[in-house]
Amino acid sequence: MPELPEVETIRRSLGAAVVGQRVMTAEFRREDILRSDPRTSAGSAARCAARTPGSRIRDLGRVGKHLVVHLDDDWGWIVHLGMSGTLTLSDGGPEADHTHVVWTTEDGSSLRFRDPRRFGGWTAAEIPPPEGVLKGRVGIDALDPELDAAAFAARLAESRSPVKCRLLDQRLVAGLGNIYVDEALYEAGIHPGTPACHLSSASWERLYWAVRRILASAIDHRGTTFSDFRDGRGLTGDNWERLRVYGRAGAACGRCGRQVEKMILRGRGTHYCPGCQGEEIEGGETGDDSFPGTT
DNA sequence: TTACTCCTGGCC
DNA sequence: GGCCAGGAGTAA
């Protein structure tokens, strides 16, 4: 669930309340969500778990889909929410099942990480993360001001892979997941299966701006909640009402009226409008209109 | 590149 | 009971 807009929504809803707070107690209840990274000098995850109490939360940042909890002494936790993770602040009250990490802070509130599917994880690292911990695995953030349309195209275009797969590759541009990729490709009028190297520069420009608009709008609406997602205060997001193709297979396209379709592309459910997202071939190197991306 | 893996919950 | 899911790492 959590893609860039959901992680950013959590960061914003949590930030003001937790930044500056000292961590009084920190329980990490399952070892399998702790990750150590040999490339950081912060030490093993177990050791970092033990040294978390007493640290002050200096900042709460985000890179792509990762939250960066910056503690004193320039180290911290890089939290990935996986598919079902939430991080919420509570004044008390009963704990939900699958709560794996609980921190209490000096103002008496508790920060709770819940992740039923346990695809998420906490990695201890120096902050800012050294080469290798994020770099190499996580590319430039999709909303980074330095990522302009030209840089966006330059990073993604050089491959025959379907453009959707390029957008999902976190090493190239970080933050997009299945929902917003489908939405952005729809908005830009580009078929998800189009080989990236076949897109024209005009298409890259449209796609770049579509990604920016879609992400910014989703943040404005505090993310998309299907079932699990909550912000840092436990509230759901409104953005699901604004989705145009994701989860709408069989419904009429709002632009052309044709039925939105769902297919499987490289193993991922992929939603698109066959009317508005005709495949795009630049240079005319293939004459047939068979489905792209299968060779 | 593809396919399988981790895990639980919700829906048919 | 089976299938599907917003992610991402790994092995083949």
Side-chain angles (χ1 to χ4, degrees), chain A residues 1-10 29-39 62-67 78-87 96-100 113-123 132-134 136-139 142 158-186 192-193 195-197 214-215 218-219 221-231 236-250 262-271 291-295:
Chain A
M1 150 211 348
E3 305 181 25
L4 187 153
E6 288 74 37
V7 178
E8 179 63 17
T9 298
I10 289 175
R29 297 175 182 167
R30 296 192 62 107
E31 280 188 20
D32 59 4
I33 57 129
L34 290 181
R35 315 270 150 79
S36 300
D37 194 310
R39 289 162 294 197
R62 182 188 59 75
V63 181
K65 303 174 189 174
H66 300 261
L67 272 173
I78 298 172
V79 182
H80 195 283
L81 300 171
M83 293 262 268
S84 60
T86 55
L87 194 63
D97 288 345
H98 309 291
T99 298
H100 307 312
F113 172 73
R114 172 174 189 261
D115 184 12
R117 290 176 74 177
R118 303 209 299 278
F119 287 2
W122 290 51
T123 305
V133 173
L134 283 178
R137 281 193 300 129
V138 183
E158 282 192 22
S159 168
R160 295 171 62 194
S161 288
V163 59
K164 168 163 179 173
C165 299
R166 301 292 286 170
L167 290 166
L168 284 174
D169 189 336
Q170 302 298 301
R171 295 169 300 183
L172 305 174
V173 169
L176 290 163
N178 213 28
I179 299 174
Y180 298 111
V181 164
D182 283 3
E183 293 295 312
L185 287 166
Y186 170 77
C197 59
I214 292 282
L215 293 177
I219 292 169
H221 292 86
R222 298 176 20 265
T224 300
T225 299
F226 288 116
S227 55
D228 300 323
F229 174 68
R230 299 292 186 275
D231 73 4
T236 58
D238 296 334
N239 196 66
W240 62 272
E241 299 170 16
R242 306 180 59 81
L243 301 181
R244 295 291 172 255
V245 287
Y246 188 88
R248 303 193 71 239
K262 180 178 180 185
M263 64 174 190
I264 303 296
L265 181 64
R266 294 272 220 277
R268 305 303 299 276
T270 298
H271 311 73
F291 210 68
T294 52
T295 52

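Chain letters run A, B, ... following the sequence lines, proteins first and then strands; every chain starts at 1.
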For this session: Using the P atoms only, state how far B:dC4 lies from C:dC3, rounded to an integer number of Å.
Result: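 Their P atoms lie roughly 14 Å apart.
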For this session: Could you give the distance separating B:dA3 and C:dC4 at their P atoms, to the nearest angstrom?
Result: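 It works out to 15 Å between them.
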Exercise. With distance as the sole criterion, is a donor-acceptor pair present between the side chains of A:K262 and A:T270 under 3.5 Å?
Worked result: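 There is no such pair between these side chains.
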Exercise. Under 3.5 Å, is there a donor-acceptor pair between the A:Y246 and A:T224 side chains?
Worked result: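 Checked: A:Y246/A:T224 side chains show no N/O donor-acceptor pair below 3.5 Å.
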For this session: Spell out, as yes or no, whether a donor-acceptor pair under 3.5 Å connects the side chain of A:H100 to the backbone of A:H98.
Result: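 Yes; judged by distance alone, with no hydrogens or angles, the pair exists.
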If I take atom [atom1] in residue [X] and atom [atom2] in nucleotide [N], what distance separates them, rounded to the nearest angstrom?
X      : N     : atom1 : atom2 : answer
A:K164 : B:dT1 : NZ    : P     : 17 Å
A:R268 : B:dC4 : CZ    : C1'   : 14 Å
A:L81  : C:dG7 : CG    : P     : 12 Å
A:L4   : C:dG7 : CG    : C1'   : 14 Å
A:R171 : C:dG9 : CZ    : C1'   : 10 Å
A:N178 : C:dC4 : CG    : P     : 15 Å
A:I214 : C:dG6 : CD1   : P     : 17 Å
A:I179 : C:dC4 : CD1   : C1'   : 15 Å

Looking at [X], does any N or O in its side chain come under 4.0 Å of the phosphate oxygens OP1/OP2 on [N]?
X      : N     : value
A:R266 : B:dA3 : no
A:K262 : C:dC4 : no
A:R160 : B:dT1 : no
A:K65  : C:dG6 : no
A:T224 : C:dG6 : no

Return the minimal non-hydrogen interatomic distance between [X] and [Y], and the atom names on each side.
X      : Y      : result
A:P2   : A:L81  : CG-CB, 3.5 Å
A:D231 : A:R222 : OD2-NE, 4.0 Å
A:K65  : A:G177 : NZ-CA, 3.6 Å

Exercise. Charged N to carboxylate O under 4.0 angstrom, A:R244 versus A:D182?
Worked result: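 No salt bridge links A:R244 with A:D182.
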Exercise. Between B:dT1, C:dA5, C:dG9, which one does the side chain of A:Y246 approach most closely?
Worked result: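 The nucleotide sitting nearest to the side chain is C:dA5.
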Problem set entry | More than 12 heavy atoms of other groups within 6.0 Å of A:R29 CZ |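 Yes, CZ of A:R29 has more than 12 neighbouring heavy atoms, counting only those of other groups under 6.0 Å.
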For this session: Find the runs of at least 3 consecutive base pairs, i with j, i+1 with j-1 and so on, that include DNA chain B, using Watson-Crick or G-U wobble geometry with both distances under 3.5 Å.
Result: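 Result, WC/G-U stems under 3.5 Å: B:1-6 with C:7-12, B:8-12 with C:1-5.
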Exercise. Just wondering, do A:H66 and A:V7 contact through their side chains at under 4.5 Å, heavy atoms?
Worked result: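 The answer is no; the side chains never approach within 4.5 Å.
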Pick out the pairs of N or O atoms, protein on one side and nucleotides 5-8 of chain B on the other, that lie under 3.5 Å.
| from | atom 1 | to | atom 2 | distance (Å) |
| --- | --- | --- | --- | --- |
| B:dC7 | O4' | A:R117 | O | 3.4 |
| B:dC7 | O2 | A:R117 | NE | 3.0 |
| B:dT8 | O4' | A:P116 | O | 3.4 |
| B:dT8 | O3' | A:H98 | NE2 | 3.1 |

